2 protein chains.
Amino acid sequence: MDEVCRAIADPTRRAILDELVDRDGQSLFELCARLTLKHGIGSSRQAISQHLEVLQSAGLVRVEREGRYKFHWFHGEPLEEITRRWPTRTQGESDA
Amino acid sequence: MDEVCRAIADPTRRAILDELVDRDGQSLFELCARLTLKHGIGSSRQAISQHLEVLQSAGLVRVEREGRYKFHWFHGEPLEEITRRWPTRTQGESDA
DNA sequence: TTGACATGCAAGTTTTTACTTGCCTATGCT
DNA sequence: AGCATAGGCAAGTAAAAACTTGCATGTCAA
């Protein structure tokens, strides 16, 4: 829970999740390129790699090494914990 | 969105939200006391006050000043943005 | 109106987090 | 084998949070 919340607190990491939702299974290099082009993020490869570690540790990204490539998949299930923990609508707040 | 994600990244702020869900409409002093007793949080009044500002700015807490008291109410609706942004279940991940 | 209580404000310090830099390892192709 | 590609590691730096300290303001009650 703590790791999930901290993971999505960074805008670059949120962009990474967006990118993976858009095209799942990207390698580190592919991600770096697309983040720069489509999201205007100028972070180095190492920076992105560290972000991916945080996301992986939070369970939001699944990683698999194949040869010299490392592929990444989005996994959103841990996010459910957030809305499970707090009600998104207060009692009696229905718009009737 | 950015503010919402950053707001719940801190464990003390998550405890504040828990406390307000448990008993809505608490004053700053009341919150400080209950956070110390029930959550083992030893932060000062000023620290809690600053956390509340962050939560208010993110739209997760509604504040109303009455005389010398300041009351706080939980408002979870902004959290919906998170699960709206990313799918919580990957396509084809049904447990059939 | 004086004093106690509830909170606000702002500058400074400590701790975390994000990012960089430089070098190393491993894989695959020719 | 040799070289280029994909990625890893670790120490250091820079920037952003969280927290503290000290004093100020405003409200209520006697």
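Everything quoted here is computed from the prediction, not taken from an experiment. Throughout, protein chains are lettered first and strands after them, A, B, ... in sequence-line order, and every chain is numbered starting at 1.
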Seminar exercise, completed: Atom CG of B:Leu35 and atom P of D:dC19 are separated, to the nearest Å, by 12 Å

Exercise. To the nearest Å, how far apart are B:Ile16 CD1 and D:dA18 P?
Worked result: 11 Å

Exercise. Do the non-hydrogen side-chain atoms of A:Met1 and A:Ile82 ever get within less than 4.5 Å of each other?
Worked result: yes

Exercise. OP1 or OP2 of C:dT17 sitting under 4.0 Å from any side-chain N/O of A:His51?
Worked result: no

Exercise. Is a side-chain N or O of A:Ser57 found less than 3.5 angstrom from the main chain of A:Glu53, in a donor-acceptor match?
Worked result: no

Exercise. In whole angstroms, how far is the P atom of D:dA18 from the CD1 atom of B:Ile8?
Worked result: 13 Å

Exercise. What is the per-nucleotide protein-contact pattern of nucleotides 2-9 of chain D, from the 5' end, where B denotes a base atom under 4.0 Å from a protein heavy atom, S denotes such proximity for sugar-phosphate atoms only, and - denotes neither?
Worked result: ---BSBBB

Problem set entry | Heavy-atom check, side chain of B:Ile8 versus side chain of B:Leu60, under 4.5 Å | yes

For this session: Report yes if a side-chain nitrogen or oxygen of B:Ser44 is closer than 4.0 Å to either non-bridging phosphate oxygen (OP1 or OP2) of D:dC19; otherwise report no.
Result: no

Problem set entry | For atom CG of A:Asp10 and atom C1' of C:dT16, their distance in whole Å | 13 Å

Seminar exercise, completed: When rounded to whole Å, the CG to C1' distance for the pair B:Leu52 and D:dA18 reads 14 Å

For this session: Check whether any side-chain N or O of B:Arg6 sits under 3.5 Å from a backbone N or O of A:Ala9 as a donor-acceptor pair, and report yes or no.
Result: no

Exercise. Taking atom types as they are modelled, is there a donor-acceptor pair under 3.5 Å from the base of C:dT20 to the side chain of A:Gln50?
Worked result: yes

For this session: Check the distance between D:dA17's C1' and B:Arg13's CZ and give it to me in whole angstrom.
Result: 8 Å

Problem set entry | Sub-4.5 Å side-chain heavy-atom contact between A:Leu55 and A:Leu20 | no

Exercise. Taking the side chain from B:Ser27 and the backbone from B:Lys70, do they hold a donor-acceptor pair closer than 3.5 Å?
Worked result: no

For this session: To the nearest Å, give me how far apart CD1 (A:Ile41) and P (C:dT20) are.
Result: 12 Å

